[in-house]
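Here is the structure we will look at, set down as structure tokens.
Ligands are counted one by one from 1 in listed order, and the atoms in each one are counted from 1 as well. Atoms considered below: every heavy atom in the structure, side chains included; atoms not considered: hydrogens, waters and symmetry mates. Counting from 1, the numbers follow the sequence of the chain as shown. From a predicted model like this one, the values you see are computed outputs, not experimental measurements.
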Amino acid sequence: MKLTIGCDHGGRRLKDAIVKHLHEKNIEVVDIGTYTDDSVDFPSYAEEVANQVVSGQSELGILCCGTGIGMSIAANKIDGIRAAVVSDTFSARATREHNNSNILCLGERVIGEGLALLIVDTWLEATFAGDRHQRRLNKIIELERK
Ligand code: RB5
């Protein structure tokens, strides 16, 4: 499984911790930055990660910023992206099982590193339940076409 991760300055420390965590689990990670504390614009990183996911270069993506919210708003502008801001493990599992989310957004200023890593693990281990949830995703695809 290959995953692309990106962040702005507000999520850089959390992004680095997640990259280290995923490397320890032998998961292939493409880290598109940012790599410093210099202020950057989160939509550029959201766009790059989202494009890698919809193009199939990576199966899944993770985006970190101060809240996770700006990243999710930007990433969800790309057709085919289902980006979810998550701050608890119940939602982490549900958003894979029900929404088949393909990008996980996390807020470094909202949750601690320990919880964030547990959310990442929970999200990666969960699988899409299909069935009635697929019907609902099909309706989201119809919305994208309107
Ligand atoms: C950057 O200061 C901050 O606005 C950004 O990281 C994010 O929280 C936006 O949603």
Side-chain angles (χ1 to χ4, degrees), residues 1-128 133 136-146:
M1 209 271 290
K2 188 172 158 191
L3 186 150
T4 301
I5 190 166
C7 67
D8 72 354
H9 53 286
R12 207 261 306 161
R13 282 174 180 75
L14 181 57
K15 183 265 290 175
D16 288 347
I18 294 170
V19 169
K20 180 170 174 284
H21 180 69
L22 294 177
H23 280 155
E24 286 166 2
K25 293 170 72 88
N26 291 318
I27 292 174
E28 189 180 354
V29 189
V30 179
D31 179 359
I32 63 142
T34 187
Y35 308 109
T36 72
D37 287 334
D38 295 345
S39 181
V40 294
D41 297 334
F42 63 81
S44 306
Y45 296 86
E47 181 182 16
E48 175 65 20
V49 170
N51 283 337
Q52 291 203 16
V53 171
V54 289
S55 69
Q57 290 174 72
S58 274
E59 192 180 324
L60 296 171
I62 295 178
L63 287 163
C64 302
C65 65
T67 60
I69 297 170
M71 286 294 199
S72 71
I73 292 171
N76 279 317
K77 297 295 179 192
I78 309 288
D79 285 358
I81 289 300
R82 295 174 301 277
V85 191
V86 174
S87 299
D88 65 276
T89 53
F90 179 87
S91 301
R93 192 177 65 203
T95 194
R96 286 287 283 152
E97 292 179 348
H98 294 195
N99 314 129
N100 202 14
S101 56
N102 48 16
I103 293 185
L104 175 67
C105 300
L106 298 165
E108 181 182 306
R109 297 171 186 160
V110 181
I111 55 172
E113 184 181 308
L115 176 56
L117 298 182
L118 196 55
I119 287 171
V120 168
D121 288 346
T122 304
W123 187 70
L124 290 176
E125 283 160 19
T127 52
F128 182 48
H133 303 297
R136 291 158 188 166
L137 292 193
N138 290 344
K139 291 192 173 185
I140 292 176
I141 292 167
E142 285 171 27
L143 289 177
E144 288 174 339
R145 292 191 181 131
K146 283 182 183 171

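Among protein heavy atoms, atom 2 (O) of ligand 1 sits closest to R109 NH1, 3.4 Å. Scanning the protein heavy atoms around atom 10 (O) of ligand 1, the nearest turns out to be G70 N, 2.9 Å. Of the protein's heavy atoms, D8 OD2, 2.6 Å lies nearest to atom 6 (O) of ligand 1. Protein heavy atom at the shortest distance from atom 7 (C) of ligand 1 is C65 SG, 3.4 Å. Regarding atom 8 (O) of ligand 1, its nearest protein heavy-atom neighbour is T67 N, 3.0 Å. Among protein heavy atoms, the minimum distance from atom 9 (C) of ligand 1 is reached at F42 CE2, 3.6 Å.
Side-chain atoms of E28 never come within 3.5 Å of backbone atoms of L3 as a donor-acceptor pair (strictly under, hydrogens ignored). In this structure, E144 contributes its side chain and G80 its backbone to a donor-acceptor pair below 3.5 Å.
At a cut-off of 3.5 Å, with distance as the only test, no side-chain donor of N76 or S72 sits close to an acceptor on the other residue. A side-chain donor from one of D88 and S91 sits under 3.5 Å from a side-chain acceptor of the other. A donor and an acceptor atom, one from each side chain of W123 and S101, are located under 3.5 Å apart.
Shortest non-hydrogen contact noted between I18 and C64 is CD1-SG, 3.8 Å. Annotation for L60 and V53: closest pair C-CG2, 3.7 Å, computed over non-hydrogen atoms.
Checking atom 4 (O) of ligand 1 against the protein gives no heavy-atom contact under 4.0 Å.
Residue contact check: G66 has heavy atoms under 4.0 Å from atoms 5 (C), 6 (O), 7 (C), 8 (O) of ligand 1. Applying the 4.0 Å criterion to heavy atoms of H9 picks out, from ligand 1, the atoms 1 (C), 2 (O).
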